[in-house]
Amino acid sequence: MNILKKIALITVALGCTFQVQAFEKKQMVLANVFWGTWSIYNAQNKCTETYQFKKPGQFQYTSKLKSMSGNFSVMRNTDLKALDILTMKVNTDNKKASCAQASKDFTGQTLSLGLKWVSQNTAQICSDTEGKQCSSLYLIKQK
């Protein structure tokens with residue numbers, strides 16, 4: 001019985017030691033790290049969407065046959081529990097098909113994605129600001 005107690009205590013101690021802490025978005029300065037190439041891989045459709053975010057606030061999107069461009073911003077919510085919001089105003093769209101759907105014209109539309117940061121280079125995509133309606137898709141920084 002004494003050996004079982006020791007094993008249990010060691011197991012609990014190791015579990016506490018290796019516990020992963022959640023990434024806090026305050027650790028990340030968006031103005032320093034958001035620029036560059038990000039991608040979303042949709043395993044269900046076996047398709048990659050690529051976003052190029054350039055200063056001062058332009059984006060270029062490509063996926064399958066689709067390409068779009070326009071302006072973007074990332075709004076940081078002062079509530080640390082609320083998600084940051086990526087907003088993209090589409091100026092040009094070639095009206096072709098992308099990963100998720102058939103041909104559609106997004107010209108003139110504003111697209112918004114909630115970003116639930118997993119690390120400085122990875123954010124889960126959500127449709128709400130609380131992070132309760134998140135997809136299985138992740139925006140991952142490439143370079």
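One is the number of the first residue; the rest follow in order along the sequence. Nothing here was measured: the structure is a model prediction, and the numbers come from that model.
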Whether F53 and F59 hold their rings parallel, tilted or perpendicular, with breakpoints at 30° and 60°: tilted

Where L115 and A123 come nearest, the two heavy atoms and their spacing: CB-CB, 4.0 Å

Which atom of T48 lies closest to which atom of S39, heavy atoms considered: CG2-CB, 4.0 Å

Donor-acceptor pair, [X] side chain versus [Y] backbone, under 3.5 Å?
X: K89; Y: G108; answer: yes
X: D128; Y: K132; answer: yes
X: S63; Y: K66; answer: no
X: N121; Y: K141; answer: no
X: Q58; Y: S69; answer: no
X: D93; Y: M68; answer: no
X: S127; Y: Q133; answer: yes
X: N71; Y: V90; answer: no

Between S73 and T87, a side-chain donor and acceptor under 3.5 Å: no

Test side-chain contact (heavy atoms from CB on, under 4.5 Å) applied to F72 and L86, step by step: CA-CA 7 Å; F72 83 96; L86 169 61; 3.9 Å; yes

Treat each ILVMFWY residue as a node, draw an edge where side-chain heavy atoms are under 4.5 Å apart, and state whether [X] and [Y] are in one component.
X: I125; Y: Y41; value: no
X: F34; Y: I85; value: no
X: W35; Y: I40; value: yes

Side-chain heavy atoms of S98 within contact of K64, under 4.5 Å: no

Any S67 side-chain heavy atom under 4.5 Å of Q60 side chain: yes

Once rounded to the nearest 0.5 Å, what's the spacing between atom [atom1] of [X] and atom [atom2] of [Y]?
X: D105; Y: K95; atom1: CG; atom2: NZ; result: 4.5 Å
X: C99; Y: Q44; atom1: SG; atom2: CD; result: 11.0 Å
X: W38; Y: T122; atom1: CH2; atom2: OG1; result: 7.0 Å
X: M75; Y: L83; atom1: CE; atom2: CG; result: 12.0 Å
X: K96; Y: L65; atom1: NZ; atom2: CG; result: 6.5 Å
X: T37; Y: I140; atom1: OG1; atom2: CD1; result: 13.5 Å

Criterion side-chain contact (heavy atoms from CB on, under 4.5 Å) on M88 and F106, from CA distance to verdict: CA-CA 11 Å; M88 295 173 284; F106 288 98; over 6 Å; no

Lys/Arg-Asp/Glu bridge criterion (N-O < 4.0 Å) met for K116, D84: no

